[in-house]
Amino acid sequence: MFETSNVLEMFRILPVHPGACVGPDGWSDTTGRVVFDAVNPADGTVTARVAAATHADYDAIIDVATRAQTRWRMVPPPRRGELVARIGELAQQHLEGLAAVVALDTGKSLMEARSEVGELIDMAMMAAGQSRMLYGFTQQSQRAKHRMYDQWLPLGVVGVISAYNFPAAVWAQNGFLAAIGGNTVIWKPSPKVPLTALALQALCNQAMKEMDFEGVFTLFLPQDNEVAERLVADTRVALVSFTGSTAVGKRVANIVGSTLGRRYLLECSGNNGCIVDETADLKLAARSITFGAVGTTGQRCTSTRRVIAQRGIANELVELLKRAFEQITVGDPREPGVVVGPLIDAAAVGHFEQAVADAVAQGGTVVSGGKRIERPGNYVEPTLIVGAQPGWQCVQHETFAPIVYVLVYDTLDEAIEIHNGVPQGLASGIHSTNLSNIELFLSAQGSDCGIAKVNMGTTGADIGAAFGGEKETGGGRTAGSDAWKGYMRRQSVCVNWGGESPWDQRIKL
Ligand code: UN1
């Protein structure tokens, strides 16, 4: 448990806080603006208010970010990494406070909020290390006395648009890699979770001031989409990284793609399936499916939403899941022992109810949960629905809520067909102890997703791996592996050090 006022004080969040910041001492003023509320989804109370960023703020931010980048791009990458590491260090020092802010914004449990801040800290450490390893290949020239290699250079200004479900980690996954790559970063968070962005900007300001690297991280927090679209449409923004719904992702792609030379990186809707075959350890499967389904109140793009169970074990698995779902404590995340908090807002509760009603109307049976919980805040029951069919509208779409549909299969080929038969392609899983089944799932005719897990839940991607998915999920990759390359441009270099001009391609002059 924590005191909201102490948490706000820790990050100097004012009762009406500016929604734009160009760096240390660079918060915008608050007079004469649209003001919007930061609402705690756990009880509907207003924690603070934000003076929304305006067109004029955007003009100031892009100006600072563009100018700062001309200096930042020439800072040696390991020095850039030091700034990111310092932000990670400050986050570590403020871990409890940041976790409280994340919980106030999103309604996730303190345990999950701590885990999200932990992800940000890990990401900072990884990016700082990566800053020393922006490797390019060397190649063998066909010409005598020529050296050839590729090098990775900054893109320019990077815009990061993040969703409400991971208000800290998604910015970190993008922003830290962008920064070590020599880009300056404009962050446009979801206005549903403003406090986390305000707190993190305060830490960034401190780090930037200490190290005299101003303007690397800026904050742009408008309330409405028309102002937000300035960032997407601006040709001075070299890369727009967007995390959110497929519908908005398509819009971002269209706008950015209409001017060549700019890039987008999309991490859109998931609709993640987990196959459980007849050889699976069912207790393990039930545990990981349960956390995958109800963790973050089912509001992860990696949440497990479709369980594809072999007919022979389906009933037993459902029994285990039912028992697990019934043991989950739903409640205010500030209370000890609470595993599942509220949904983000009343609209999300409506989407939950709509999905359950659709499933029931088509012949599905709710075996656990299914209803909203009548109390202040946006609470729903973890919900398990059996008898689902692959083609149902609710099964084909992502609903950000703790709902799992159980689908039954006979052969593994059929399971994979059901699994891949949705428009999205983010995370996937198989529970099995049969090597051939596992390898089939991982083969070219297996899972079509960006992430494949074996005997694990679909959520909780390791930051060391590249994060993102295929199909309508958008194809982008953030976080680990070589995802840093997405924030840089490749240049193929060829140097003639021989003083002659030997022609290639069999041309003789
Ligand atoms: C998201 O839900 O948009 O691996 C991204 C996970 C989280 C996903 C974050 N890191 O489940």
Side-chain angles (χ1 to χ4, degrees), residues 99 102 105-109 111-124 126-127 160-177 187-190 192-193 196-197 241-249 252 265-274 288-306 339-341 343-344 348 398-402 404 424-429 449-454 456-481 483 486:
V102 169
D105 257 345
T106 61
K108 61 177 80 171
S109 71
M111 176 186 70
E112 282 198 54
R114 278 189 202 103
S115 141
E116 176 171 358
V117 179
E119 215 171 314
L120 175 144
I121 295 164
D122 290 348
M123 200 55 226
M126 188 174 73
V160 177
I161 303 177
S162 57
Y164 68 79
N165 62 343
F166 278 86
V170 166
W171 166 75
Q173 283 178 4
N174 285 280
F176 292 162
L177 292 183
W187 184 13
K188 206 303 280 172
S190 162
K192 290 180 185 173
V193 288
T196 309
S241 176
F242 169 81
T243 300
S245 70
T246 293
V248 179
V252 169
L265 192 160
L266 300 179
E267 208 276 275
C268 302
S269 308
N271 182 1
N272 313 293
C274 188
S288 54
I289 290 166
T290 303
F291 184 73
V294 307
T296 326
T297 322
Q299 299 172 110
R300 291 189 186 210
C301 53
T302 53
S303 293
T304 310
R305 196 145 293 114
R306 298 175 299 133
V339 181
V340 171
L343 290 173
I344 190 73
E398 178 184 58
T399 304
F400 254 26
V404 164
Q424 310 83 358
L426 180 56
S428 61
C449 291
I451 297 168
K453 306 263 199 85
V454 178
M456 295 173 75
T458 55
T459 58
D462 193 314
I463 60 144
F467 183 83
E470 304 301 332
K471 296 152 73 184
E472 285 202 349
T473 303
R477 293 294 187 277
T478 64
S481 183

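Predicted, not measured: the structure shown is a model, and the values here were computed from it. One-based numbering, in listed order, for ligands and for the atoms of each. Only heavy atoms go into these numbers, but all of them, side chains included; no hydrogens, no water, no symmetry mates.
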Ignoring angles and geometry beyond distance, decide whether T459 reaches within less than 3.5 Å of ligand 1 through its nitrogen or oxygen atoms. no
Any atom of ligand 1 sitting under 4.0 Å from a heavy atom of Q299? no
Run the side-chain contact (heavy atoms from CB on, under 4.5 Å) check on V193 and I344 step by step: do they pass? CA-CA 9 Å; V193 288; I344 190 73; 4.2 Å; yes
Enumerate the atoms of ligand 1 whose separation from the nearest heavy atom of T243 is less than 4.0 angstrom. 3 (O)
For residues F400 and S245, determine if any side-chain heavy atom of one lies less than 4.5 Å from a side-chain heavy atom of the other. no
Based purely on interatomic distance, does G460 place a nitrogen or oxygen under 3.5 Å from a nitrogen or oxygen of ligand 1? yes
Using a heavy-atom cut-off of under 4.0 Å, does the side chain or the backbone of T296 touch ligand 1, or both, or neither? neither
Would you say T302 and ligand 1 have an N/O pair spaced under 3.5 Å apart? yes
Sidechain-backbone polar pair: T296 side chain, Q299 backbone, donor-acceptor under 3.5 Å: no
Could R477 and E470 be called an ion pair, given the rule that one side-chain N must be under 4.0 Å from one carboxylate O? yes
Do K188 and F242 form a cation-pi contact, if we require the NZ or CZ to be under 6.0 Å from the six-membered ring centre and within 45 degrees of the ring's axis? no
For the residue pair F176 and W171, does the interplanar ring angle fall in the parallel (under 30°), tilted (30 to 60°) or perpendicular (over 60°) class? perpendicular
Evaluate the criterion side-chain hydrogen bond (donor to acceptor under 3.5 Å, both in side chains) for residue pair E472 and S269; output intermediate values, then yes/no. CA-CA 7 Å; E472 285 202 349; S269 308; over 6 Å; no
What are the atoms of ligand 1, with element, lying closer than 4.0 Å to any heavy atom of E267? 1 (C), 3 (O), 5 (C)
May I ask you to decide if G298's main-chain N or O and R305's side chain share a donor-acceptor pair within less than 3.5 Å? yes
Is it the case that ligand 1 has an N or O less than 3.5 angstrom from some N or O of C301? yes
Side-chain donor or acceptor of N272 paired with backbone N/O of T458 under 3.5 Å: no
Yes or no: does E119 have any heavy atom under 4.0 Å from an atom of ligand 1? yes
Just to confirm my output: which protein heavy-atom neighbour is closest to atom 9 (C) of ligand 1, and how far is it? F166 CD1, 3.6 Å
Is the closest N or O pair between A461 and ligand 1 shorter than 3.5 Å? yes
Polar contact flag for Q173 and ligand 1 (N/O pairs, less than 3.5 Å): no
Considering non-hydrogen atoms of the protein only, which is the closest contact for atom 8 (C) of ligand 1, and what is the distance? F467 CZ, 3.7 Å
